[in-house]
Amino acid sequence: MASPTKTAGIEHVRERANTEQDRGYIMNMTLKLAILSALGVAGPLLSQESRAVDATPAMDADALTTIVVTAEKREEPLKNVPMSVTALAGDSLDKLQARDFSDYAALVPGLSITSSQPGLTRLTLRGQNSGGVGSTVAVYMDESPFGSSNALLNGSIITGDFDTWDLQRIEVLRGPQGTLYGANSEGGLLKFVSTAPVLGTFSGEVEATGESVSDGGNGGAIRAVVNLPLGDKLALRVSGYDQDVAGYIDDPSLGKKDVNDGHKEGGRAALLYAPTDDLSIHLTATSQQSKYNGTNAVDIDPVTLQPEHGDLTQQRVLGEPSESKYENYNATIDWNAGPFSVVSTTSYGILNFDYVSDATNLLAAPGVTYGEALGGIGLYEDNNAGLKKFTQEIRLASPTTNTLEWQVGGYYTRETGALAQHVVGVGLPSTVLPNPYAGLELETVHLDSTYKEWAGFANFTYHFNSQFDIQAGGRYSSNEQSATESIGGPLLGGGTTAFTTPSKGNVFTYSIAPRWHVDANTMVYARLATGYRPGGPNAQPIAPPPGVPQEYGADKTVNVELGVRSTQLDGRLSIDVAAFRVDWKDIQLFEVVDTVGINVNGGKARSQGVEWTFGYVPMHGLTLSWTGAYTDAKLTSPAPFVNGNSGDPLPYAPKWGTSLDSEYDWDLFANFKGFVGAAWSYVGSRSTDFASSVTGGQLGLPSYNTFEARLGLDSAHYRVMLYGKNLGDKRGISSYVDTGAPGGAGELTPIQPRTIGVTLTAKF
């Protein structure tokens with residue numbers, strides 16, 4: 001995926017004309033880098049901070065544009081935040097047509113994704129992935145935490161892949177965020193920040209896109225937004241989108257091409273009321289619905305990883321559609337009371353995900369061709385996940401001008417979740433004999449859960465002088481949970497059994513971050529931070545076998561980080577680099593006992609490495625950027641529940657990942673600029689989940705490269721762009737699954753083939 005140019009990815013830097021002064025700046029930069037090298041944090045690398053700025057060039061050739069973020073739950077310049085943050089600007093995402101996780105993952109050092117089908121994506125930061133069912137990366141929509149807090153609702157893969165239309169930016173915080181964000185942020189946080197209504201201004205934008213996928217179908221989208229002033233103290237902003245998603249997987253057994261095509265639609269309405277300069281009330285409602293007719297999976301030989309039925313081809317007896325729906329409602333009150341400010345944020349979220357899996361191959365005998373069922377029936381699994389989540393948070397904060405800055409707050413959430421699986425028999429057209437099970441529900445499994453959490457947190461920053469300060473914070477969290485699992489159906493001997501299991505837990509997390517401004521252009525920081533993922537109950541539909549734990553505990557991470565941020569050559573060079581080490585203990589793992597899945601704790605792991613971003617403007621109009629990460633993530637003790645051994649790599653954590661991007665723009669005619677850009681991205685080799693192969697171990701997935709390009713015209717009111725993604729038409733592997741069928745194939749998910757598209761944008 002392309003790295004944003006002149007927008008997200010680097011501090012916007014401009015050409016300096018005086019060559020004599022340039023030589024002086026180069027000498028000055030060399031001296032400063034030597035000092036930083038002595039500290040052990042400098043070099044030809046850049047920190048994971050990525051600065052997002054407006055795409056319109058600044059009139060002042062020496063001007064730097066500063067992005068303001070809310071990573072620490074208060075607005076501040078990103079260059080001053082003592083932690084690892086990437087900010088991707090909304091305009092840059094629009095220009096790059098980066099609409100979902102797979103499009104912008106390469107822009108974020110240390111972020112990797114694993115996707116088995118549309119709507120099911122695992123996010124991993126700094127290698128924090130063990131294959132468990134609870135998420136290690138928290139997702140926020142503005143002030144609202146989205147998704148499940150516990151490990152009972154498949155939160156690791158149902159992650160809220162919101163469309164990026166009408167976003168102000170995406171903030172990605174790497175490393176544990178347990179102090180300010182709490183549960184599930186032990187690996188980091190991804191935060192969607194929507195564009196707020198603007199008082200007193202009427203504006204709007206319309207975007208139309210069409211694209212074609214190699215060896216696949218065609219897709220297109222229409223997106224629009226309007227900002228309406230309603231007097232001088234009230235404004236309304238409404239946005240929406242409707243997209244046809246092109247498919248590219250064929251299924252000859254069903255007689256269908258492009259079976260993974262789909263449709264996505266959604267929108268947002270936001271109302272801002274500001275009766276005084278010190279008080280604002282912000283109401284937002286966000287919705288997104290997606291429907292897909294099949295999965296992105298390809299059937300492959302589990303040994304050679306080669307396709308069994310041809311390129312981009314799967315073979316199913318029954319279709320595998322899926323559907324997801326996100327809803328999020330938030331009310332935020334921000335009041336400046338003078339000596340301190342008060343923020344109250346109230347949220348209510350609804351998540352529903354439903355997908356069908358063809359399970360007919362589980363009936364096949366060894367040596368029987370896939371799709372030939374015993375007894376003349378097919379099987380499908382209808383899997384549904386539903387979540388309703390209420391959250392309330394109140395924060396008080398001092399002015400940022402205080403020698404001692406402080407922020408204290410309280411947090412409460414209540415969640416109700418429901419997982420359901422229905423195994424249904426289907427009569428196959430090929431059979432001539434009726435089957436008594438055809439059309440019957442053969443097995444049902446229900447897991448209902450509740451989660452309640454209370455937390456209090458505080459964060460303090462003491463400024464010793466204008467150059468040096470120390471930040472310290474802590475959070476105490478307590479939760480209560482209950483889970484009831486029931487199971488029944490003819491395949492299980494009829495009848496229904498159900499057991500309810502409660503649990504309680506509490507965790508303390510903390511962070512310490514000293515920060516030193518070497519001068520106006522360079523900051524060095526260190527950070528010690530912890531995070532956690534809540535434990536919970538192991539509900540079982542039968543009397544638990546001996547040795548099966550009734551509860552699983554929280555797992556925890558401790559992160560040590562050292563970073564530097566610097567701009568040199570009068571702002572034409574931006575250098576960010578950070579080195580980190582994360583220790584992970586009591587890792588939550590998913591194990592199957594007597595055909596029933598449970599969560600257990602076991603093993604330790606360590607992830608360490610370096611993340612960087614370079615930005616350089618060698619001449620007027622030309623911008624170069626380089627982002628990447630080296631991550632060494634592996635078990636440091638055995639994890640016997642999943643056949644993991646000390647030294648085994650953590651799943652889907654590439655050691656190397658990097659992206660190079662360049663863009664050149666020039667004055668063309670009237671108010672139009674021409675632009676041309678190209679990017680190269682590399683994803684290193686990875687290992688699959690523990691015990692995921694036919695031999696019970698991990699498989700190695702090969703590395704892959706992708707190339708992208710864009711060409712167009714741009715002005716303040718119009719943009720016309722031709723773009724291409726994965727121009728080399730590579731078959732990079734996003735995920736692998738062993739189907740478990742006797743003699744059956746495995747399944748892998750390839751990245752989207754070569755895609756060519758055109759975008760027309762009008763602003764008013």
Side-chain angles (χ1 to χ4, degrees), residues 1-10 44-48 50 52 86-89 92-115 121-127 161 164 170 172 174 190 211 213-214 248 296 576 609-616 623-631 652-664 676-686 701-711 721 723-735 748-757:
M1 181 62 219
S3 175
T5 61
K6 293 194 180 175
T7 50
I10 61 171
L45 302 174
L46 221 157
S47 94
Q48 53 282 16
S50 173
T86 291
L88 306 176
S92 175
L93 295 168
D94 292 342
K95 190 174 184 181
L96 295 166
Q97 285 298 294
R99 294 303 178 197
D100 54 34
F101 291 145
S102 63
D103 285 332
Y104 54 80
L107 308 180
V108 183
L111 173 64
S112 59
I113 64 170
T114 309
S115 180
T121 303
R122 183 190 296 272
L123 300 177
T124 302
L125 285 167
R126 292 185 170 174
D161 192 357
T164 62
I170 295 174
V172 183
R174 280 176 298 277
L190 189 148
E211 62 181 30
V213 179
S214 178
Y248 48 88
N296 299 340
D576 293 339
V610 182
E611 299 157 337
W612 66 87
T613 303
F614 264 138
Y616 182 47
T623 306
L624 308 174
S625 63
W626 177 32
T627 65
Y630 169 79
T631 306
Y652 296 102
K655 278 196 173 183
W656 291 98
T658 188
S659 177
L660 288 170
D661 183 87
S662 63
E663 180 169 296
Y664 180 68
V676 59
W680 164 74
S681 296
Y682 171 80
V683 176
S685 58
R686 294 135 294 141
L701 301 180
S703 62
Y704 62 91
N705 301 270
T706 58
F707 295 90
E708 304 184 4
R710 54 200 180 273
L711 171 69
M721 182 177 68
Y723 64 90
K725 302 179 181 181
N726 190 12
L727 291 174
D729 204 23
K730 297 295 184 179
R731 298 291 182 263
I733 300 173
S734 174
S735 69
L748 61 78
T749 305
I751 62 174
Q752 185 165 307
R754 180 173 52 243
T755 302
I756 305 297

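No experiment lies behind these values; they were computed from the predicted model shown.
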Distance (rounded to the nearest 0.5 Å) between [X] [atom1] and [Y] [atom2]:
{"X": "T631", "Y": "W656", "atom1": "OG1", "atom2": "CH2", "result": "9.5 Å"}
{"X": "L111", "Y": "T627", "atom1": "CG", "atom2": "OG1", "result": "11.0 Å"}
{"X": "S735", "Y": "I751", "atom1": "OG", "atom2": "CD1", "result": "12.5 Å"}
{"X": "E663", "Y": "L711", "atom1": "CD", "atom2": "CG", "result": "10.0 Å"}

Which residues pass the side-chain contact (heavy atoms from CB on, under 4.5 Å) test with [X], not counting sequence neighbours?
{"X": "Q752", "answer": "E211, V213, Y248, T755"}
{"X": "N705", "answer": "W680, Y682, F707"}
{"X": "T124", "answer": "S112, R122, N129"}
{"X": "K730", "answer": "N726"}

Ignoring hydrogens, what is the shortest heavy-atom contact between [X] and [Y]? Give both atom names and the distance.
{"X": "A629", "Y": "G110", "result": "CB-N, 3.5 Å"}
{"X": "S659", "Y": "S681", "result": "OG-OG, 3.3 Å"}
{"X": "P654", "Y": "G684", "result": "CB-O, 3.7 Å"}
{"X": "I756", "Y": "G724", "result": "CD1-CA, 4.0 Å"}

Query - Residues forming a salt bridge (charged side-chain N to carboxylate O under 4.0 Å, His left out) with D94, sequence neighbours excluded - result: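 Expected list: R99.
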Query - Pairing residues for R731 by the salt bridge (charged side-chain N to carboxylate O under 4.0 Å, His left out) criterion, not counting sequence neighbours - result: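 Partners of R731 under the salt bridge (charged side-chain N to carboxylate O under 4.0 Å, His left out) test: D215, D311, D729.
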Side chains of [X] and [Y]: closer than 4.5 Å at any heavy-atom pair?
{"X": "K655", "Y": "R686", "answer": "no"}
{"X": "Y104", "Y": "T164", "answer": "yes"}
{"X": "L125", "Y": "V172", "answer": "yes"}
{"X": "L701", "Y": "Y652", "answer": "yes"}
{"X": "T114", "Y": "T121", "answer": "no"}
{"X": "I733", "Y": "P702", "answer": "yes"}

Query raised in the report: For D161, which residues count as a side-chain hydrogen bond (donor to acceptor under 3.5 Å, both in side chains) partner, sequence neighbours excluded?
Result: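 So D161 forms no side-chain hydrogen bond (donor to acceptor under 3.5 Å, both in side chains) with any residue.
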Report task. Please identify each residue that fulfils side-chain hydrogen bond (donor to acceptor under 3.5 Å, both in side chains) with S734, with sequence neighbours left out. Result ->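 S734 satisfies side-chain hydrogen bond (donor to acceptor under 3.5 Å, both in side chains) with no other residue.
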**Report entry** With Y704 via ring pair (Phe, Tyr, Trp, His ring centres under 6.0 Å) - residues at least two apart
**Finding:**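 If we apply the ring pair (Phe, Tyr, Trp, His ring centres under 6.0 Å) test to Y704, skipping adjacent residues, there are no hits.
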Report task. Would you please test F101 and L190 for side chain to side chain contact (heavy atoms under 4.5 Å, CB included) and show each step? Result -> CA-CA 10 Å; F101 291 145; L190 189 148; 4.1 Å; yes
Query raised in the report: Would a distance-only check, ignoring hydrogens and angles, find a side-chain to backbone donor-acceptor pair under 3.5 Å from R710 to E708?
Result: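 No, because the side chain of R710 does not come within donor-acceptor range (under 3.5 Å) of the backbone of E708.
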Query raised in the report: Are the side chain of K725 and the backbone N or O of Q97 linked by a donor-acceptor pair below 3.5 Å?
Result: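 Yes; judged by distance alone, with no hydrogens or angles, the pair exists.
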Query raised in the report: T749 and S115: side-chain hydrogen bond (donor to acceptor under 3.5 Å, both in side chains), yes or no, with the steps?
Result: CA-CA 7 Å; T749 305; S115 180; over 6 Å; no
Requested in this report: Apply side chain to side chain contact (heavy atoms under 4.5 Å, CB included) to I170 and L107, showing your working.
Outcome: CA-CA 11 Å; I170 295 174; L107 308 180; over 6 Å; no
